[in-house]
Colleague: 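Pasting in a structure now, in C-alpha cells, and then I'll have a few things to ask.
Computed from a prediction, not measured in an experiment: that's the story for all the values here. So that the names make sense, note that chain A is the first sequence line, chain B the second, and so on, each numbered from 1. Keep in mind that the numbers below use all heavy atoms, side chains included, and drop hydrogens, waters and symmetry copies.
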Amino acid sequence: MSEVVSALHGRRTEGSVAVRDTGPRGMIQVRGDLGAEALQSVCREVAGSGFPGQGGAEVSDQGAVLWMSPDEVLVLTARDRAAEGVTRIGAALAGTHHLAVDVSDARAVIALEGAGLREVLARLTPANMHPEAFRPGQMRRTRLAQVAAGIWLTSETSAELICFRSVADYVFDLLANAAASPAVGHLPVA
Amino acid sequence: MLTLQCPYCGVQCDETELSPGGEAHLTRFGPGSDDTEFEQYLFLRENPRGVHFERWRHAYGCGKWFHAARCTMTLEVFGTYPAQVTEPPADLIEKIREKRPGWRWRDLA
Ligand SMILES: [Zn+2]
C-alpha cells in the first residue's frame with residue numbers, strides 16, 4: 001500500500017485571508033439518476049450530509065455532497081473511507097445505470113478562510129461572488145484564471161474549492177497571490 | 001461581455017466559462033445525401049446581423065451543450081434552452097417576434 005500524499009503537501013499561507021491545503025480527502029464521483037431515492041440515500045449515508053438540489057452543496061463535519069451537473073454529484077468523505085464508499089454506492093445502485101469512481105487522487109481541495117475571501121476569489125473567477133449571488137449551500141463550478149474549479153462556501157468567512165491535482169500548485173499560487181494583495185473593498189466584507 | 005444562463009445548472013455563465021459550438025439546429029446530411037445538401041450542411045452558415053441561434057457548451061461547469069438565442073448586434077439574450085430539440089421553443093419564438101418584428105432566421109420568422 002503506497003503512502004497517501006495530497007498534491008500540496010499541506011501548504012498554507014497566513015494573512016487576512018488564509019489559503020490552506022486541506023490534505024488527503026475522499027472524493028467519489030457519482031453519476032446516475034439524481035432523482036432516484038436509492039442514489040440520494042446512499043450518498044447521504046456515505047457523506048454524512050444532506051443531498052443537494054440543483055447547484056447545491058450539502059456539507060457536514062464528516063463530508064459533503066456537491067452538485068456537479070444534472071446527472072453527477074461529488075461525494076466527499078474521509079480519505080480512508082473512499083474505497084468503502086464506492087463499494088456501498090455500487091451495492092446500493094446495482095442493476096441501475098450509474099457510475100461511481102474513487103477520484104480522491106485526481107483532485108485537490110483547498111480552503112480559504114477570512115472575511116475578504118469573496119474578493120480574493122473574484123480576482124480569479126468570472127463568477128459573481130457577491131453575497132446576494134453566491135451563498136453558503138451553493139456549489140459554483142467555474143474557472144480560476146486558466147483552469148476549472150468548483151467553489152462552495154462553508155460559512156460567510158470560509159470556503160473550499162476543488163481543482164484537478166495536476167494544477168493544484170498553480171491554483172494555490174494564484175490564491176496565495178490574490179490573498180496577499182490589499183483589499184479593494186468593492187465586495188461587501190462579511 | 002456575453003452572459004448566458006445554463007439551462008441545466010441555472011447559473012449565469014460568463015462567456016469565458018463556455019465553449020462556442022456554432023450555429024444551432026443544423027440538419028445533418030451524411031452518406032446518401034446529394035452534393036448540394038452535403039455542401040450546405042458542411043459549409044453554409046447563417047451570418048445574421050440580429051437574431052441568431054447558437055450552440056454553446058458549459059465547458060467550465062456541467063459540461064453539457066445547450067442552445068442560445070441572441071442578437072449579434074446588441075448582445076441581447078432572448079433566452080437559452082436545452083439541446084434536446086430540433087427547433088427553438090414556441091414561447092421563445094413568440095418573445096423574439098415581439099422584440100424584433102420582421103426578424104428572419106433560416107425558415108423561422
Ligand atoms: Zn451547466
Colleague: Kindly check if the number of other-residue, nucleotide or ligand heavy atoms within 6.0 Å of CZ (F164(A)) is above 12?
Modeller: no
Colleague: Is F78(B) linked to V85(B) within one hydrophobic cluster, defined over Ile, Leu, Val, Met, Phe, Trp and Tyr using a side-chain heavy-atom separation of less than 4.5 Å?
Modeller: yes
Colleague: Chain B: which of Q138(A), M68(A), M139(A), Q54(A) shares the most heavy-atom pairs with it under 4.5 Å?
Modeller: Q54(A)
Colleague: Within a reach of under 6.0 Å around CD of E37(A), are more than 12 heavy atoms found that belong to other residues, nucleotides or ligands?
Modeller: yes
Colleague: Answer yes if V19(A) and I151(A) sit in the same cluster of Ile, Leu, Val, Met, Phe, Trp and Tyr residues linked by side chain heavy atoms under 4.5 Å apart, and no otherwise.
Modeller: yes
Colleague: What is the distance from atom CG of N128(A) to atom CG of D14(B), rounded to the nearest 0.5 Å?
Modeller: 11.0 Å
Colleague: To the nearest 0.5 Å, what is the distance between CD on Q146(A) and OG1 on T16(B)?
Modeller: 11.5 Å
Colleague: Look at atom CZ of R49(B) and say whether more than 12 heavy atoms of other residues, nucleotides or ligands are closer to it than 6.0 Å.
Modeller: no
Colleague: Linking I/L/V/M/F/W/Y whenever their side-chain heavy atoms sit closer than 4.5 Å, directly or via other members, would V184(A) and V120(A) fall into one cluster?
Modeller: no
Colleague: Do L112(A) and V167(A) sit in the same hydrophobic cluster, where Ile, Leu, Val, Met, Phe, Trp and Tyr count as joined when their side-chain heavy atoms come under 4.5 Å apart?
Modeller: yes
Colleague: Heavy-atom distance under 4.5 Å to chain A: side chain of Q12(B), backbone, both or neither?
Modeller: backbone
Colleague: Is there a path from V103(A) to V46(A) through hydrophobic residues (I, L, V, M, F, W, Y) whose side chains come within less than 4.5 Å of each other?
Modeller: no
Colleague: Looking at E17(B) and P126(A), what are the two nearest heavy atoms and their distance?
Modeller: CG-CG, 3.7 Å
Colleague: Who in residues 69-98 of chain A is close to chain B, using a strict under-4.5 Å heavy-atom cut-off?
Modeller: S69(A), P70(A), D71(A)
Colleague: Rounded to the nearest 0.5 Å, what separation is found between the CZ atom of R140(A) and the OH atom of Y60(B)?
Modeller: 13.0 Å
Colleague: Does D34(B) have more than 12 heavy atoms from other residues, nucleotides or ligands lying within 6.0 Å of its CG?
Modeller: yes
Colleague: So which bits of residues 170-179 of chain A come within less than 4.5 Å of chain B, counting non-hydrogen atoms only?
Modeller: none
Colleague: Which heavy atom in W67(A) sits nearest to a heavy atom in Y8(B), and how many Å separate them?
Modeller: CH2-O, 3.4 Å
